[in-house]
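One structure is given below, encoded as structure tokens.
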2 protein chains.
Amino acid sequence: MPRPPTTQEFVLDELRKAIVAGRLRPRDPIRQDTIAHRLGVSRVPLREALKTLEAEGQVVYRPHRGYSVAEMSLADLLEVYRLRELLESEAAEAAVQRFTDAELTRVTDAQHDVEEAARTGDVIAMIAANRRFHFAVLEPCGMPRLLRIVGTLWDATDAYRAVYYNSEVNRVRVCHEHEAIVGAVRRRDAAELTAALTAHRQHTVESLEGTIDTREETDP
Amino acid sequence: MPRPPTTQEFVLDELRKAIVAGRLRPRDPIRQDTIAHRLGVSRVPLREALKTLEAEGQVVYRPHRGYSVAEMSLADLLEVYRLRELLESEAAEAAVQRFTDAELTRVTDAQHDVEEAARTGDVIAMIAANRRFHFAVLEPCGMPRLLRIVGTLWDATDAYRAVYYNSEVNRVRVCHEHEAIVGAVRRRDAAELTAALTAHRQHTVESLEGTIDTREETDP
DNA sequence: CAACTGTATATTGGATCCAAAATTACCGTG
DNA sequence: CACGGTAATTTTGGATCCAATATACAGTTG
């Protein structure tokens, strides 16, 4: 029986959604009183949710100065994608030999969800489905810590992802590249899979590079 | 100017120390009231510190059931060391070409601290110095997220590390292997450095394997 | 005697209140 | 007008209180 979510879980979810949807943008300070009041909760569960996001690198915290949405430099972006390359390659190689029929179905189901969202142009839904797709591919690797780390790396670029999916050509390209990934999984071809994933990431990071804010940080 | 630590920072520090020192052992439930009272603080900063430890995987959290110290299965241990191999190799290769004199000094300083602690048999001090040594080696890689992830992987085995350093022969071996690492850094030899680090990890994980508790988890 | 139900207790989750720190606004001074 | 210092305000940090949930136990029933 599923447990009703606690308030901090609810708040954590709302904050994540606000970040991917762009309602909370990089550098935005997070006024606890404002957000808590807006969500109809007290500051306590909000602060615990923020602690989680802080550990994931989604927000930054400075004692007595509060939390703000983390921003990425170009170097940060490249580092995240380099780390994803290292870890996802490891995961993909381990996963590709282990796929069960049920796990394969999860992949194709997510693939179709992505295509559906791409057609309708629902950027938020596409981001969520795309995440499900990629983790359905990696999940069978049997390395829970690796998946958790990749998850946080994935989250780290959430604030920048919506702009990418706003472009029709990007959405089409994503779907096309997903086909190559699914094909490699079906053929149980580790080299082909890692190559397809790497190419997929490469295209994304090239597009994202343009969206990085290059203003200088002012830190008195 | 250094800022006085906040209560949650103090609590986080105390919890970490309690875990490495074995005062909090894997599977131990963490009674918030007890711990908070023992540290002379309220439950609020304790809970925020626990959230941080949860995100790092040092404790596990189940809503309404509370926090307990995370335990590792053998598979967990092997995964952690596999991930460290992937990430530390990447870091070492990037770092080895960039060492400044100051950074090299940090390495040798930490090396001497390790040797001093090994001589006196101060296990806790040796664990801390050993961590400083390894991160002094990896630090110049210029990949902050990678270092943070490696840090959490490092922390994840803290609860199991003390038993390893309790053995005189292990302490001597560590010091000896550190010499090989320092030599590789001095010669700026990336292949030699990664090999030395990998061998060093391999010896540790083999020793740690024996300390893993293999009881079954009871989860009603 | 096992399984179930209701109740008491312990423990965590969340809200409110107060204290501490930082930011801002305001002034006087040069 | 710029600058420095100080008071007022805002915001966060922490403590306490109350509510909600889970656990333990007793009693009941088949």
Side-chain angles (χ1 to χ4, degrees), chain A residues 1-16 18-19 23-56 58-70 217-220, chain B residues 1-16 18-19 23-70 216-220:
Chain A
M1 189 169 85
R3 176 181 48 73
T6 62
T7 308
Q8 45 180 305
E9 288 170 331
F10 161 74
V11 170
L12 183 55
D13 221 52
E14 290 297 314
L15 290 175
R16 287 195 205 281
I19 290 174
R23 290 193 300 277
L24 284 175
R25 305 217 313 261
R27 283 172 182 257
D28 278 359
I30 295 175
R31 304 283 172 224
Q32 298 178 7
D33 233 340
T34 309
I35 307 270
H37 200 265
R38 186 179 304 163
L39 296 177
V41 301
S42 87
R43 282 172 51 217
V44 175
L46 170 61
R47 276 161 63 174
E48 303 208 358
L50 286 169
K51 266 275 167 282
T52 301
L53 290 177
E54 184 209 355
E56 294 175 359
Q58 298 254 79
V59 303
V60 294
Y61 169 66
R62 299 217 306 232
H64 303 295
R65 259 161 271 194
Y67 297 86
S68 60
V69 181
E217 175 128 17
T218 62
D219 181 19
Chain B
M1 188 168 84
R3 175 180 48 75
T6 61
T7 307
Q8 45 180 307
E9 287 171 332
F10 161 74
V11 170
L12 184 56
D13 220 52
E14 291 297 314
L15 289 174
R16 288 194 205 280
I19 290 174
R23 290 193 301 278
L24 285 174
R25 304 217 314 261
R27 284 171 180 257
D28 277 0
I30 296 174
R31 304 281 172 226
Q32 298 177 7
D33 230 342
T34 310
I35 307 272
H37 200 264
R38 186 180 304 161
L39 297 177
V41 302
S42 86
R43 282 172 52 217
V44 175
L46 170 61
R47 275 160 63 175
E48 303 209 357
L50 285 170
K51 267 275 165 279
T52 301
L53 289 177
E54 185 209 355
E56 292 176 0
Q58 298 254 78
V59 303
V60 294
Y61 169 65
R62 300 220 304 238
H64 303 294
R65 261 163 266 194
Y67 297 85
S68 59
V69 181
E216 215 22 65
E217 177 130 11
T218 63
D219 181 19

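Just so you know, these numbers use all the heavy atoms, side chains as well, and skip hydrogens, waters and symmetry mates. Labels below follow one simple rule: chain letters A, B, ... track the order of the sequence lines, proteins then strands, and each chain is numbered from 1.
Atom CD of B/Glu54 and atom P of C/dG13 are 10 Å apart (whole Å). Remark: C1' of C/dT11 and CG of B/Leu46 are 13 Å apart, rounded to the nearest angstrom. In this structure, A/Tyr67 places its OH atom 10 Å from P of D/dT12, rounding to the nearest Å. Taking atom CZ on A/Arg62 and atom C1' on D/dG13, their separation rounds to 17 Å, with Å as the unit. If you measure from atom CG of A/Leu12 to atom P of C/dG14, you get 12 Å, rounded to the nearest angstrom. Here the C1' atom of nucleotide C/dT11 and the CZ atom of B/Arg47 are 11 Å apart, to the nearest Å. In this structure, A/Asp33 places its CG atom 12 Å from P of C/dC17, rounding to the nearest Å. We find that CZ of B/Arg3 is positioned 12 Å from C1' of D/dT12, with the value rounded to whole Å.
Counting non-hydrogen atoms under 4.0 angstrom, A/Arg31 reaches the backbone sugars and phosphates but no base. At the heavy-atom level, B/Gln8 lies under 4.0 Å from the strands shown only through sugar-phosphate atoms. Here A/Ile30 lies in heavy-atom contact (under 4.0 Å) with sugar-phosphate atoms only.
The side chain of B/Gln32 places no N or O atom within less than 4.0 Å of a non-bridging phosphate oxygen (OP1 or OP2) of C/dA10. Look at B/Tyr61 and you won't find any side-chain N or O under 4.0 angstrom from OP1 or OP2 of C/dT11. Listed pair A/Arg65 / D/dT12 fails the phosphate criterion, with no side-chain N or O lying under 4.0 Å from OP1 or OP2. Taking only side-chain nitrogens and oxygens, B/Thr6 never comes nearer than 4.0 Å to OP1 or OP2 of D/dG13.
Counting only heavy atoms from C-beta on, A/His64 has its side chain closest to D/dG13 among D/dG13, D/dG14, C/dA15. Closest contact between the side chain of A/Arg43 and the listed nucleotides D/dG13, D/dT16, C/dG13 involves D/dG13.
Taking OG1 from A/Thr7 and CG from A/Leu39, the interatomic distance works out to 10.5 Å, rounded to the nearest 0.5 Å. A distance of 11.0 Å separates CD of B/Glu14 from CG of B/Leu24, quoted to the nearest 0.5 Å. Within the model, atoms CZ of A/Arg23 and CG of A/Asp28 stand 12.0 Å from one another, a figure rounded to the nearest 0.5 Å.
Overall bending of the helix from C/dC1-D/dG30 to C/dG30-D/dC1, expressed as the angle between end axes built from five pairs apiece, is 20° (10° steps).
Each of A/Lys51, A/Gln58, A/Arg47 was compared with A/Tyr67 under the side chain to side chain donor-acceptor pair (under 3.5 Å) criterion, and only A/Lys51 meets it.
Remark: side-chain polar atoms of A/Asp13 are not paired, donor with acceptor, to backbone N or O of A/Phe10 under 3.5 angstrom. Side-chain atoms of B/Glu9 come within 3.5 Å of backbone atoms of B/Thr6 as a donor-acceptor pair (strictly under, hydrogens ignored).
The residue among A/Ser42 and A/Pro63 whose nearest nucleotide of DNA chain C is located toward the 5' end is A/Ser42. Heavy-atom distances to DNA chain D give each of B/Glu48 and A/Pro4 a nearest nucleotide, and the one nearer the 5′ end belongs to B/Glu48.
Considering only heavy atoms from C-beta on, A/Pro63 comes within 4.5 Å of B/Arg3 through its side chain. A/His37 is not listed as a side-chain neighbour of A/Arg43, based on a closest heavy-atom distance of 4.5 Å or more.
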